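The structure appears below as structure tokens.
Sequential numbering from 1 along the given sequence is applied to the chain's residues. Owing to the predicted nature of the structure, the values given are computational and were not obtained by experimental measurement.
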Amino acid sequence: MALIDHGSALGQEILAFEATRQAALIAADPAALARILHDDLTHVHSSGQVHGKGEFIAHVGRMGGFVAITRGALELRSLGDGVLITGPSLNCVRRIDTGELVDLDGFSAIAAVRTAERWQVLLSQMTLLRK
């Protein structure tokens, strides 16, 4: 698993894909999420709850999207036809039950694969930092 230089063509492509993923989550855009999430998606929430693609898109819609996503220094690694994107993430979200804004500060890992049409997220996971 070789590191991908952020300044390389592939690095720039992956960073743009990550920015697109964040924008789709903030906008709670189901069409954009459907395009960037792989049909075999596994999303592991910071709570440990696990969703597939349809469940995750519905969940993001119910919560009204993310308020903000701030990523720290990202490490990009080549996985053959895929990439691993890891690094810190601060997600500001609305609780579905109360509407309260909550900051989730943790470490995120995203495995994305290149399909015939585009990059798609196959696995996404966030672990909260212990306070």
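If you chain together hydrophobic residues whose side chains sit under 4.5 Å apart, V60 and V67 never meet in one group. A chain of hydrophobic side-chain contacts below 4.5 Å, direct or via other Ile, Leu, Val, Met, Phe, Trp or Tyr residues, connects L37 to I26. If you chain together hydrophobic residues whose side chains sit under 4.5 Å apart, L41 and M63 fall into the same group. Residues M126 and F66 are members of one and the same hydrophobic cluster, defined by side-chain heavy-atom contacts under 4.5 angstrom among Ile, Leu, Val, Met, Phe, Trp and Tyr. One hydrophobic cluster, built from ILVMFWY side chains closer than 4.5 Å, holds both I36 and L15.
We find the CD-CG distance between E75 and L84 to be 8.0 Å, quoted to the nearest 0.5 Å. The CD1 atom of I4 sits 4.5 Å away from the CG atom of L10 when rounded to the nearest 0.5 Å. Q120 contributes atom CD, which lies 6.0 Å from atom NZ of K53 (distance to the nearest 0.5 angstrom). The CG atom of L74 sits 7.5 Å away from atom OG1 of T86, with the distance rounded to the nearest 0.5 Å. Separation of atoms CD (Q125) and OG1 (T127) is listed at 3.5 Å; rounding is to 0.5 Å. To the nearest 0.5 Å, atom NE2 of residue H43 and atom CG of residue L123 are 9.5 Å apart.
The heavy-atom pair separating G11 from S8 by the smallest distance is N-OG, 3.0 Å. Here the closest heavy-atom approach between residue P88 and residue A73 is recorded as CD-O, 3.4 Å. Heavy-atom minimum distance, I110 versus S124: CG1-CB, 4.2 Å. S46 approaches L104 most closely through the heavy-atom pair OG-CD1, 3.9 Å. Residues I69 and S89 approach most closely at CG2-OG, 4.0 Å, considering heavy atoms. The minimum heavy-atom distance linking E55 with G52 is given by the pair OE1-N, 2.7 Å.
D81 CG: 12 or fewer foreign heavy atoms inside a 6.0 Å radius.
For residues 18-29, the pairs satisfying side-chain hydrogen bond (donor to acceptor under 3.5 Å, both in side chains) are E18-R21, E18-Q22, E18-R71, with sequence neighbours left out.
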As a quick check of understanding, evaluate side-chain contact (heavy atoms from CB on, under 4.5 Å) for T42 and D40, giving each step before the final call. CA-CA 7 Å; T42 298; D40 294 328; over 6 Å; no
Dump the intermediate steps for side-chain contact (heavy atoms from CB on, under 4.5 Å) on V83 and F17, then the final yes or no. CA-CA 11 Å; V83 294; F17 171 72; over 6 Å; no
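When side chains are defined from C-beta on, L129 counts as touching D105, because their heavy atoms get closer than 4.5 Å.
Between F56 and H45, the two ring planes are tilted [angle within 30° to 60°].
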